[in-house]
Enquirer: 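So that we are looking at the same thing, I have put the structure below in structure tokens.
FYI, side chains are in, hydrogens and waters are out, and symmetry mates aren't considered; it's all heavy atoms of this structure. Just so you know, ligand 1 is whichever comes first in the structure, and atom 1 is the first atom listed for that ligand.
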Amino acid sequence: MSTMAKDEPIPADDQSLFFRQIVDSSTELLHTARPDGYLDFFNQTWLDFTGVPLEKLLGWGWTCRIHPDDVEAFVQKMRESFAKGRPFQEASRVRRADGVYRWMLHRKVPRFDGDGNLIKWHGSSIDIDDRKRAEEQLRKSERELRTLIDVMPAYVGTSLPDGTVDFLSQSWLDYFGQTREEAMGWGWAGVIHPDDVDRVLANWQAGLASGEPVEQELRCRRADGVYHWFLHRSLPLRDDEGKIVERYGILFDVNSLKETEHALQIREHELVDIIETIPAMLWSASPTGEPTHLSQRFLEYIGVPFEETVDRGWEGLIHPDDREETAKAFSRAIETGESFSAILRLRRADGEYRWQKARGEPLCDPHGKIIQWYGLSIDIDEGKRAEDHLRDTRIKLAKASRLATVAELAGSIAHELNQPLMSILANAQAAKRWLNSAQSNLTEVNSSIERTIRDARAADERMQHIRALFKQESFVKKDVNIPDIIREVVRVVQEDPKKRDVPIECHFDESLPAVPVDQIQVQQVFINLIVNAIEALEGQQMAPLVTLRAAVTDSDRMLIQVIDNGPGVHDPERIFDAFMTTKEKGMGIGLAVSRSIVDAHGGRLWAESNKAGGAIFNVTLPLSHTGPTMAQTKNMREPDPSAL
Ligand code: ADP
């Protein structure tokens, strides 16, 4: 072709070759057919595509390259077109040289001569496989989406930007019993509960106006006429410019959730009513002890908003003296997962601290992990104060009555012995006079001595009588916690302002076992020992200090020590004698009585000097009921009358 001049006509042979070259080099798949449909030409592109020589495709040979599923319908349509002389267009799968079938769109147009006779068919085919597959994929996705929409436990629809509904899923129509025609536009609003319809439409319009998503709850009538609660959500779909082109809406049936929620609300109200009616203050706390809820009664009692207790913790509400013990008890419960129990003073809204009995129980998951603490606190203030008062009074009374008893005893002994002693004295003097007189009268001497013996015997009898009185004493032993009763003694002693200046330190071993004692009697021993220690420190140069210790020394004994840094004791035995005192107003009875109490418990009381200065008073008590029996304890050791 390059040899041809620009405007020169191409010779006929060259022309045919020229067009043949164009046709063969075309990317189009071209072919021609005779008027009867016999395909008489395929261009080279076709031959390359199928990988089949021309002679095998000519006539109807090409049908072997059409997909077996398509060939029948395809040939049928083609024959119809040929018969009518009308253009033909049809898609079919054609087998490529590599064996892969590809979708092709085939077109054939008839060519007529000047007389209108059909002389030829010209055809072309284009590969539409990618497009066809994309379309198929799209259709598949759409089918899947529709199926999904219909099987979803939700009812879906779309609406135009003005709010008129243009699509509702089949499940929507079935569920609400509307036909598509009824529901389209605004017909769907007919299923909304009359009480909700205004609110729902107002929200819907507001969402349309603002272009914002809409979320609301509403009641809709189902096909069976029953109203159910639904959650309605609607989202706008925007185009690339941000213009709303559609809104998607979905309804979820939340009726059972609503019913459960309603039932739970009723239950919650009932529980809150119960909690608020119980005459106790209820609380709950996190696994680590932070408050999570306080009943109204509790909040009113403390007069502090709940948030404040969360921010500041419990501590500020508890009496400073009880904080450490309470915190320890709660920490122990948290560590071990055991119940929490404490008696503490809690600050009331008016600032008064009142005694409370607090208890807490852990709620655990199936693996035993604590998920919450639940507890209550009961005001036991009146009872506790009455009990404390009673105990204090009993201790004081016990001490007073013992002193009174001993004082009375001393008086009565003096009284009882006075008369026989006077008589003994008179008779002894008479006997002396008779012996010393000029005419000594032995008969008189003898009778005076007789009377002396008689009176001495009478004195002895009275002493026996007094001893018998002591033997009436009895007491009852009960297991008690020694540190607790000693702390109580310290509190009672320190109630006396004169004794408050001396610090008292307690060092009690952890987890001491209970000891069977008569609490009042033993408390009296410690009152005597502690008061003595404080009195021994009066006027001392050194900073006074009383230390109390309790420990188990061997398997069956507890040793309790009262230690002071006073002047110490010079004669550690004599101080236990009755009426032995170095104090101006002392009676010298305390230690004697204390020792007799300790002895009666099967224990020992002795004094020793502290190497560091001061005195140590030791009390041992048996741990189990191995001491004297009830019968034996009736025979308390009485002060030795010889000391009187
Ligand atoms: P009172 O206290 O009435 O004197 P007690 O029998 O209790 O009678 O004490 C007898 C004496 O023992 C006291 O007067 C005192 O001399 C001595 N005593 C007691 N306790 C101590 C002590 N901790 N330190 C020094 N002396 C003590």
Side-chain angles (χ1 to χ4, degrees), residues 395-411 413-414 470 473 486 489-490 492-496 498-507 520-550 559-601 603-620 636-644:
I395 291 171
K396 284 176 188 161
L397 258 177
K399 185 173 165 74
S401 72
R402 181 151 293 274
L403 291 177
T405 311
V406 177
E408 275 167 20
L409 183 68
I413 292 171
F470 272 91
E473 292 268 4
I486 295 181
V489 166
V490 171
V492 171
V493 169
Q494 288 185 329
E495 268 170 24
D496 182 349
K498 283 184 262 159
K499 303 209 165 47
R500 221 171 273 163
D501 296 339
V502 177
I504 302 177
E505 279 181 10
C506 295
H507 299 284
I520 299 296
Q521 304 273 359
V522 168
Q523 282 184 317
Q524 190 187 333
V525 169
F526 288 106
I527 286 180
N528 287 331
L529 298 180
I530 293 169
V531 168
N532 274 349
I534 293 173
E535 285 175 353
L537 293 167
E538 275 168 18
Q540 291 289 302
Q541 295 292 316
M542 261 208 283
L545 177 67
V546 173
T547 309
L548 307 177
R549 291 186 187 282
L559 170 70
I560 306 122
Q561 294 179 303
V562 180
I563 306 163
D564 64 61
N565 58 350
V569 284
H570 301 297
D571 191 339
E573 255 320 298
R574 231 175 83 71
I575 52 170
F576 287 95
D577 289 349
F579 306 121
M580 154 62 211
T581 181
T582 54
K583 298 172 193 166
E584 206 180 309
K585 291 186 181 159
M587 293 188 67
I589 318 282
L591 289 179
V593 169
S594 296
R595 182 173 260 183
S596 80
I597 292 172
V598 176
D599 283 355
H601 280 82
R604 233 160 65 71
L605 165 60
W606 75 99
E608 58 189 315
S609 281
N610 190 355
K611 284 191 191 91
I616 302 177
F617 281 80
N618 301 288
V619 177
T620 60
M636 277 181 63
R637 179 186 159 167
E638 68 279 28
D640 184 356
S642 64
L644 292 171

Enquirer: Output yes when the distance from some N or O of ligand 1 to some N or O of Gly588 is under 3.5 Å, and no in every other case.
Expert: yes
Enquirer: When you measure from the side chain of Arg595 to the backbone N and O of Leu605, does any donor-acceptor pair fall under 3.5 Å?
Expert: yes
Enquirer: Looking at every heavy atom in both Ala533 and Val546, which two are closest together, and how far apart are they?
Expert: CB-CG2, 4.0 Å
Enquirer: So which heavy atom in the protein is nearest atom 16 (O) of ligand 1, and how far is it from that ligand atom?
Expert: Thr582 OG1, 2.4 Å
Enquirer: May I ask which of Asp571, Ile616, Asn610, Val569 has a heavy atom nearer to atom 27 (C) of ligand 1 than the others do?
Expert: Val569
Enquirer: Which atom pair, heavy atoms only, marks the closest approach of Ile597 to His601?
Expert: O-ND1, 2.9 Å
Enquirer: Once rounded to the nearest 0.5 Å, what's the spacing between atom OG1 of Thr547 and atom CG of Asn565?
Expert: 7.5 Å
Enquirer: Over all heavy atoms of both residues, which pair between Met580 and Arg574 is shortest? Give the atoms and the distance, please.
Expert: CG-O, 3.3 Å
Enquirer: Looking at Ala615, is its backbone amide N or carbonyl O close enough to the side chain of Asp564 to form a donor-acceptor pair, meaning the two atoms are under 3.5 Å apart?
Expert: yes
Enquirer: Which protein non-hydrogen atom lies closest to atom 19 (C) of ligand 1, naming both residue and atom, and how far is it?
Expert: Asn532 ND2, 3.6 Å
Enquirer: Within a distance under 4.0 Å of any heavy atom of Ile575, pick out the atoms of ligand 1 and give their elements.
Expert: 10 (C), 12 (O), 17 (C)
Enquirer: Under 3.5 Å, side chain of Arg500 to main-chain N/O of Gln494, donor-acceptor pair present?
Expert: yes
Enquirer: Determine the minimum heavy-atom distance between Phe617 and Ala607, stating which atoms define it.
Expert: CE2-CB, 3.5 Å
Enquirer: For atom 4 (O) of ligand 1, what is the nearest protein heavy atom, given as residue, atom name and distance?
Expert: Thr581 OG1, 2.6 Å
Enquirer: Regarding ligand 1, does Glu535 bring an N or O atom to under 3.5 Å of one of the ligand's N or O atoms?
Expert: no
Enquirer: Tell me which protein heavy atom sits closest to atom 2 (O) of ligand 1, plus the residue, atom name and distance to 0.1 Å.
Expert: Lys583 NZ, 2.7 Å
Enquirer: Run down the list Pro567, Ala615, Gly568 and name the one with the heavy atom closest to atom 25 (C) of ligand 1.
Expert: Gly568
Enquirer: Heavy atom under 4.0 Å from ligand 1: found in Phe576's side chain, backbone, both, or neither?
Expert: neither
Enquirer: Side-chain contact test, heavy atoms from C-beta onward, threshold under 4.5 Å: evaluate it for Glu608 versus Asn618 and give yes or no.
Expert: yes
Enquirer: Considering only heavy atoms, does Asp564 approach ligand 1 within less than 4.0 Å through its side chain, its backbone, both, or neither?
Expert: side chain
Enquirer: Starting from atom 24 (N) of ligand 1, which protein heavy atom do you reach first, and at what distance in Å?
Expert: Ala536 CB, 3.5 Å
Enquirer: Regarding atom 9 (O) of ligand 1: of the candidates Asn565, Val593, Leu591, Val531, which has the closest heavy atom?
Expert: Leu591
Enquirer: Could you tell me, atom by atom, which parts of ligand 1 come under 4.0 Å of a heavy atom of Met580?
Expert: 10 (C), 11 (C)
